[in-house]
Amino acid sequence: MDEINKFELPSLPYDYDALEPFIDEETLHYHHDKHHKTYAEKLSVALENYHELQQKKIEELLKNPEDLPLEIRKPVINNGGGYYNHNLYFESLSPTGGEPKGELLNQINADFGNLDTLKKDLAEAAANQFGSGYGWLVKDSSGHLKIYSLANQDSPISVGDTPLLPLDVWEHAYYLKYKNARAEYLSNIWNIIDWQRVYERFMA
Ligand code: MN3
């Protein structure tokens, strides 16, 4: 019973209107209650006949996708990735925002020169992702920060990096409010990034 519960939809850690005006209430309802929920449900369906895999954490499932049985590999990468990436995305946002501190800020300065350059590079990577996907800030295996984009629901965890901050650029993340202005959504999102979360992921 509780093995299924692991892939249930977590509640949003803030109210639906808490990220206004940068992300609107209607978008959050669709994004969380419909899109994210569907990934969670489809992941559970994909694993319904795989009781051993149901015991695993989502991170374990995505870390070595080549170990998954072939017949469920793609559904788990897509829906498990959607489930995991959206958990990260919604937890990365907060009405109070903040600034990176401590060792995270030191590493940002070491790898990018300053925070503004990181923001510019990450927003560019996300803006230039062709079609659906995410811009990612990650920590690589040597502890350095890196920025890249990945298509669909592919996750940095599957290529050995630690995901720190995802910028979702699927159209469902912004289209109701921003229409085709993806760059405007990406420029506004810096007001609501929860850098404390990013710091905790960096230090973990
Ligand atoms: Mn999304």
Q) Counting only N and O atoms by type, is there a donor-acceptor contact under 3.5 Å from the side chain of Asp168 to the main-chain atoms of Ala173? A) no
(Q) Just so I know, are the side chains of Arg73 and Leu70 near enough to count as touching, which here means a heavy-atom distance under 4.5 Å? (A) yes
Q. Does Tyr175 reach the main-chain N or O of Arg182 with its side chain, forming a donor-acceptor pair under 3.5 Å?
A. no
(Q) Would you say Asp140 and His144 are linked by a side-chain donor-acceptor pair, where the criterion is simply a distance under 3.5 Å? (A) no
Q: Could you tell me whether Tyr30 atom OH has more than 12 heavy atoms of other residues or ligands within 6.0 Å of it?
A: no
**Q.** Distance-only side-chain donor-acceptor flag, Arg201 / Ser92, under 3.5 Å
**A.** yes
Q: Tell me, yes or no, whether the heavy-atom count around Glu52 atom CD, taken from other residues, nucleotides or ligands under 6.0 Å, exceeds 12.
A: no
Q) Does any N or O in the side chain of Glu20 come within less than 3.5 Å of the main-chain N or O of Asp17, such that one atom is a donor and the other an acceptor? A) no
(Q) Can you tell me if Lys179 has over 12 outside heavy atoms packed within less than 6.0 Å of its NZ? (A) yes
Q. Do any N or O atoms from the side chain of Trp170 and from the backbone of Asn152 form a donor-acceptor pair under 3.5 angstrom?
A. yes
Q: State, without any angle test, whether Gln153 and Tyr134 hold a side-chain donor-acceptor pair at a distance under 3.5 Å.
A: yes
(Q) Treating Lys177 as the side-chain partner and Pro21 as the backbone partner, does any N or O pair qualify as donor plus acceptor under 3.5 Å? (A) yes
Q. Given side chains that start at C-beta, do those of Trp136 and Asn85 come closer than 4.5 Å, heavy atoms only?
A. yes
Q: Flag the pair His32 / Leu9 as yes when at least one side-chain heavy-atom distance between them is below 4.5 Å, and no otherwise.
A: yes
Q | Any donor-acceptor N or O pair under 3.5 Å, side chains Asp161, Tyr148 | A | yes
Q) Are the aromatic ring centres of His31 and Tyr89 under 6.0 angstrom apart? A) yes
Q: Could you tell me whether the side chain of Leu137 reaches within less than 4.5 Å of the side chain of Phe112, counting heavy atoms only?
A: yes
Q) Among side-chain atoms of Gln107 and Glu103, is any donor-acceptor pair under 3.5 angstrom? A) no
Q: Specify the closest pair of heavy atoms between Leu165 and Trp195, including all atoms of both residues, with the distance to one decimal.
A: CD2-CH2, 4.3 Å
Q: Find out whether Leu61 and Tyr84 are in side-chain contact, i.e. whether some heavy atom of one side chain is under 4.5 Å from a heavy atom of the other.
A: no
